[in-house]
Amino acid sequence: MNLTKRFIALFLAALMCLSLFACGKDEPVTDNGDPDDFTGTISPEDDNNKTDGEDTVDEGDETKTYEIRTADDLKNMKRKGTYVLKNDIDLADVEWTPVGTYTAPFVGVFDGNGYTLKNLSVTYDKQDTGDTIGFFYSYCGLFGVTNGATIKNVKFENAKIESSTTFEYRVVYAGVIAGALIDSEVTDCQISGSVTAKSLRFVSAAGSVAGYTKKTALTNCVSSADVTVQESSNRAEAGGLIGNTAVGTVITGCSSEGAVTAYSDVGIAYSGGLIGYASATKVNKSFSSSAVTAEITSSAPSEGKVGAAYAGGLIGIVTAASADTRSEISYSYAINGKINAVGNENIAFAGGLAAKSVIASFKNCYTMSDVAAQTNLEIVYLGGALGEIMNGTTVVGCFSKNNVSATAADNTNIYLGSFSGYVPEPNEENPVNYITASIYYTGASYTINGSDAGDRLVKNALGRQLAIFSSIDSLTFDLKWDKAEWNFVDGIPYPV
C-alpha cells in the first residue's frame with residue numbers, strides 16, 4: 001500500500017511539473033468550449049484558472065523598492081514591488097522565465113532608469129505529446145502577464161523572443177516586454193531584436209512590445225524589432241508594436257520600423273505596422289515605416305474554408321463592438337514601407353493606413369507607403385489609404401500619396417481605389433459621407449496585373465467628398481493641417 005501511494009504521489013508531482021513551461025505558466029481556457037468561436041480575448045476576471053498553492057509563493061513586497069544591478073537580481077524579481085535598474089545588464093546565456101502569469105500577474109513597477117537590458121532571450125518550444133486536452137494560453141516576454149503594472153524608461157537591445165508549439169488548441173501571445181498587458185502603462189521604451197510566434201491551431205499574436213493588450217496605455221515607445229507570426233489554421237496577428245489590442249488600449253507618440261509579417265496556412269492573417277488586430281483602440285501621433293506582409297500560404301482552401309490576408313501600413317484591421325467604443329486613429333502616418341497582402345487562393349485586403357475599417361474614425365492621417373495585393377481566386381480590396389471601408393467608419397482630413405497595384409486572376413473581383421478600394425453607399429442606417437476633406441495624389445501609379453487600372457480604378461473613393469491633388473506642394477493648403485498638432489519641417493510640405 002505504501003509503495004502504491006508513493007507511486008501516485010510521484011505521478012501527480014510529475015504532472016505538476018509538466019504544467020510549468022519555459023514561457024511562464026500555460027493557463028487553461030475555461031470560458032469558451034468551441035475553438036471555432038474563439039476570439040483571442042483574454043478574460044482576466046475569470047478566476048477558474050487559479051492554481052492551488054500559488055498564495056504560498058514569495059510574491060515580493062508592494063511597499064518596497066528593489067535595486068537591480070545583476071542578471072541574478074533580475075531573475076529574483078517577483079510579481080509585486082518596485083524594481084529599478086541601476087546599470088545596463090547583459091542577459092546573454094541567461095535562461096529567462098517570464099515574470100507573472102494569468103492567475104498571478106506582475107502588478108508592480110519596473111523602472112529601467114534609462115538603462116538597457118541586452119540580449120534578453122525567451123524560448124518556448126512545446127510539442128504535442130497527445131496527453132493534453134483543452135485550450136491553453138502561453139505568454140512570452142520579460143513579463144508573462146501584467147495587470148495594473150507600470151513599465152517605464154527601459155531599453156531592450158537585441159532581444160529575441162521565440163514561441164512555438166504544436167499543441168492543437170494553444171493560444172500564443174509574445175512580445176519583448178510582455179505576452180499580455182492588462183490595465184497597465186508602458187512609457188519611454190526602446191526595443192530592438194525580433195519576436196516570433198508559431199502555433200498549430202487557434203490564435204498566435206505577437207508584437208515588439210506585447211502580443212495582447214487591454215485597457216493599457218503605450219506612450220513614447222520606439223521599436224526596430226522584426227515581428228513574425230505563423231498560425232497553421234486559424235488567426236495570425238502581427239503588429240510592429242502589438243499583435244492584438246482590445247478595448248481601452250491607447251497608443252500615443254509611438255513608432256515602429258522593423259519588418260512585420262503574419263502567415264496563416266488556411267485561416268486569417270492580420271499584419272500592421274503598429275497593430276495587427278485593433279478593437280476599441282485609440283492611436284494618436286504615432287507612425288510606422290515598417291514593411292508589412294500578410295499571407296495565406298495554402299494554395300487551396302481547407303474544408304470549404306476561405307482565408308483572408310489583411311495588411312495595413314498602421315493596422316491590419318481596425319474595428320469596435322459599437323459606436324460607444326469606436327476606434328480612433330488621429331495625427332498618425334505610414335511612410336516608406338511596402339504594404340503587401342498575399343491571398344493565393346483566398347481574399348486579400350491591403351491599405352496604406354489599414355486593410356479594413358469597421359466602426360472607426362481616421363482624422364488627419366496620411367500614408368506614403370506603397371500598397372500591393374495578390375490573389376488567384378477570390379476578391380481583392382486595396383486602396384492608397386484603406387482597403388475596405390465598412391459601416392460606422394469616418395475619414396476626415398487624410399491623404400494618400402503612394403502606388404497601388406493588384407496582381408490577380410482574370411476571374412477575380414478587384415476593388416482597387418486611389419484612396420479606398422470600397423466605400424458603402426450612405427443609407428438610412430448610415431446617412432453619412434464616409435470620407436470628407438481628404439485627398440489623393442493623381443501622379444501615383446494604379447495597376448492591375450502590371451497594366452494601368454484604367455476604368456477599373458475606383459476613383460475618388462466612389463466620387464464622394466474626396467478632392468485630388470497633383471502636386472505635393474498643395475497639401476498644406478488643401479488640408480489645412482493643424483500646426484498645433486503637427487510638426488512641419490522647413491522644405492517638407494507634409495507634416496511629420
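All residue numbers refer to positions in the sequence shown, counting from 1.
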- First locate atom OG1 of Thr116, then atom CG of Asp88, and finally report the distance between them rounded to the nearest 0.5 Å. 4.5 Å

- Item | Non-neighbouring partners of Ala372 that pass side chain to side chain contact (heavy atoms under 4.5 Å, CB included), sequence neighbours left out | Lys338, Asn340, Gln374, Ser405

- State which residues pass ring-ring contact (aromatic ring centres under 6.0 Å, His included) with Phe287; sequence neighbours excluded, sorted by chain then number. Tyr333

- Task: Identify, with sequence neighbours excluded, every residue that meets salt bridge (charged side-chain N to carboxylate O under 4.0 Å, His left out) alongside Lys80.
- Result: Glu59

- Query: Nearest 0.5 Å, what's the CG-CD1 distance between Asn284 and Ile251?
  - Reply: 11.0 Å

- Note on the structure: Those residues at least two apart in sequence (or on a different chain) that pass side chain to side chain donor-acceptor pair (under 3.5 Å) with Ser204 are Ser199, Glu231

- Say you draw a straight line from CD of Gln230 to OG of Ser264; how long is it, rounded to the nearest 0.5 Å? 7.5 Å

- Atom CG in Leu91, atom OG in Ser121: separation rounded to 0.5 Å? 9.5 Å

- Message: Keeping Ser224 on the side-chain end and Gly258 on the backbone end, is there a donor-acceptor pair under 3.5 Å?
- Response: no

- Query: Looking at CD1 of Ile329 and OG1 of Thr281, how far apart are the two atoms once the value is rounded to the nearest 0.5 Å?
  - Reply: 7.5 Å

Pairs under 3.5 angstrom only: tabulate donor-acceptor contacts from the side chains of residues 68-75 to other protein residues two or more places apart or in another chain.
residue, atom, partner, partner atom, Å
Arg69, NH2, Glu67, OE1, 2.8
Thr70, OG1, Asp72, N, 3.4
Thr70, OG1, Asp73, N, 3.1
Thr70, OG1, Asp73, OD2, 3.4
Asp73, OD2, Arg69, N, 2.9
Asp73, OD2, Thr70, N, 3.2

- Query: Just by distance, do the side chain of Ser223 and the backbone of Ala225 share a donor-acceptor pair under 3.5 Å?
  - Reply: yes

- Query: Taking all atoms of both residues into account, what is the closest heavy-atom pair of Gly60 and Lys78, and its distance?
  - Reply: N-CB, 3.6 Å

- Query: Does any N or O in the side chain of Thr293 come within less than 3.5 Å of the main-chain N or O of Thr261, such that one atom is a donor and the other an acceptor?
  - Reply: no

- Task: For the pair Phe110 and Leu85, evaluate side-chain contact (heavy atoms from CB on, under 4.5 Å) and give the outcome as yes or no after the intermediate values.
- Result: CA-CA 8 Å; Phe110 183 85; Leu85 282 183; 4.0 Å; yes

- Query: For Tyr263 and Thr228, what are the C-alpha separation, side-chain angles and deciding distance, and is it a side-chain contact (heavy atoms from CB on, under 4.5 Å)?
  - Reply: CA-CA 8 Å; Tyr263 298 107; Thr228 304; 4.2 Å; yes

- Validation row: Ser194, Val227 side chains within 4.5 angstrom (heavy atoms): no

- Message: Donor-acceptor pair, distance only, cut-off 3.5 Å: does the side chain of Ser288 make one with the backbone of Ser290?
- Response: yes

- Query: Which heavy-atom pair separates Ser357 from Thr393 by the least distance, and what is that distance?
  - Reply: OG-OG1, 2.9 Å

Donor-acceptor pairs under 3.5 Å, side chain of residues 150-159 to any protein atom, not counting sequence neighbours: which ones?
residue, atom, partner, partner atom, Å
Asn153, ND2, Asp111, OD1, 3.4
Asn158, ND2, Asn119, OD1, 2.8

- Judged by atom type as modelled, is there a donor-acceptor pair below 3.5 Å linking the side chain of Asp265 to the main-chain atoms of Thr297? no

- Message: Checking Leu353 against Ile315 for the side-chain contact (heavy atoms from CB on, under 4.5 Å) test, could you report, in this order, the C-alpha distance in whole Å, the side-chain angles of both residues, the deciding distance, and whether it holds?
- Response: CA-CA 7 Å; Leu353 294 175; Ile315 303 171; over 6 Å; no

- Sorted by chain and residue number, the side chain to side chain contact (heavy atoms under 4.5 Å, CB included) partners of Ala355 (sequence neighbours excluded) come out as Tyr310, Phe349

- Item | Qualifying side chain to side chain donor-acceptor pair (under 3.5 Å) pairs, either residue in residues 178-187, two or more places apart | Thr146-Ser184

- Without swapping roles, check the side chain of Trp96 against the backbone of Leu142 for a donor-acceptor pair under 3.5 Å. yes

- Item | Val186 vs Cys221 side-chain heavy atoms within contact, under 4.5 Å | yes

- Message: Could you tell me if the side chain of Phe106 sits less than 4.5 Å from the side chain of Tyr83, heavy atoms only?
- Response: yes

- Nearest atoms (heavy-atom pairs only) where Val358 meets Met390: CG2-CB, 3.8 Å

- Query: Checking side-chain contact (heavy atoms from CB on, under 4.5 Å) for the pair Ile161/Tyr124: CA distance, chi angles, key distance, verdict?
  - Reply: CA-CA 8 Å; Ile161 312 297; Tyr124 173 91; over 6 Å; no

- Message: Can you confirm whether Thr319 sits close enough to Tyr277 that some side-chain heavy atom of one is under 4.5 Å from a side-chain heavy atom of the other?
- Response: yes

- Using atom types as modelled and distance alone, determine if a side-chain donor or acceptor of Thr101 lies under 3.5 Å from a backbone N or O of Ala104. yes

- Message: Could you check whether any side-chain N or O of Ser279 sits under 3.5 Å from a backbone N or O of Val247, counting only pairs where one atom can act as donor and the other as acceptor?
- Response: no

- Beyond-backbone contact of Asn402 with Met368, side-chain heavy atoms, under 4.5 angstrom: no

- Just jot down the salt bridge (charged side-chain N to carboxylate O under 4.0 Å, His left out) partners of Glu388, sequence neighbours excluded, or say none. Lys356

- Item | Taking every non-hydrogen atom, the tightest pair across Val292 and Gly273 | CG2-N, 3.6 Å

- Message: Going by the rule side chain to side chain donor-acceptor pair (under 3.5 Å), which residues pair with Ser327 if we only count those two or more places apart in sequence or in a different chain?
- Response: none

- Message: Measuring only between side-chain heavy atoms, which start at C-beta, is Leu218 closer than 4.5 Å to Val209?
- Response: yes

- Task: For the residue pair Val396 and Asn364, establish whether any side-chain heavy-atom pair is separated by less than 4.5 Å.
- Result: no

- Item | Rounded distance [0.5 Å steps], CG in Asn244 versus NZ in Lys214 | 11.0 Å

- Query: Can you name the nearest heavy-atom pair linking Tyr139 to Pro98, along with the distance?
  - Reply: O-CG, 4.0 Å

- Could you pull out the closest heavy-atom pair between Ala294 and Ala309, with the gap in Å? O-CB, 3.5 Å

- Query: Hey, is the main chain of Ser286 close enough, under 3.5 Å, to the side chain of Ser332 for a donor-acceptor pair?
  - Reply: yes

- Task: Could I get the full list of side chain to side chain contact (heavy atoms under 4.5 Å, CB included) partners for Ser369, not counting sequence neighbours?
- Result: Ala334, Ile339, Thr367

- Task: Would you kindly check if the NZ (Lys) or CZ (Arg) of Arg235 is within the cone defined by 45 degrees around the ring axis of Tyr270 and under 6.0 Å from the six-membered ring centre?
- Result: no

- Query: Is Ile275 close to Leu314 at the side-chain level, that is, under 4.5 Å between some pair of heavy atoms?
  - Reply: no

- Message: Under a 3.5 Å distance rule, please check whether Asn234 uses its side chain to pair with a backbone N or O of Val203 as donor and acceptor.
- Response: no

- Message: Which residues pass the side chain to side chain contact (heavy atoms under 4.5 Å, CB included) test with Thr63, not counting sequence neighbours?
- Response: Asp61

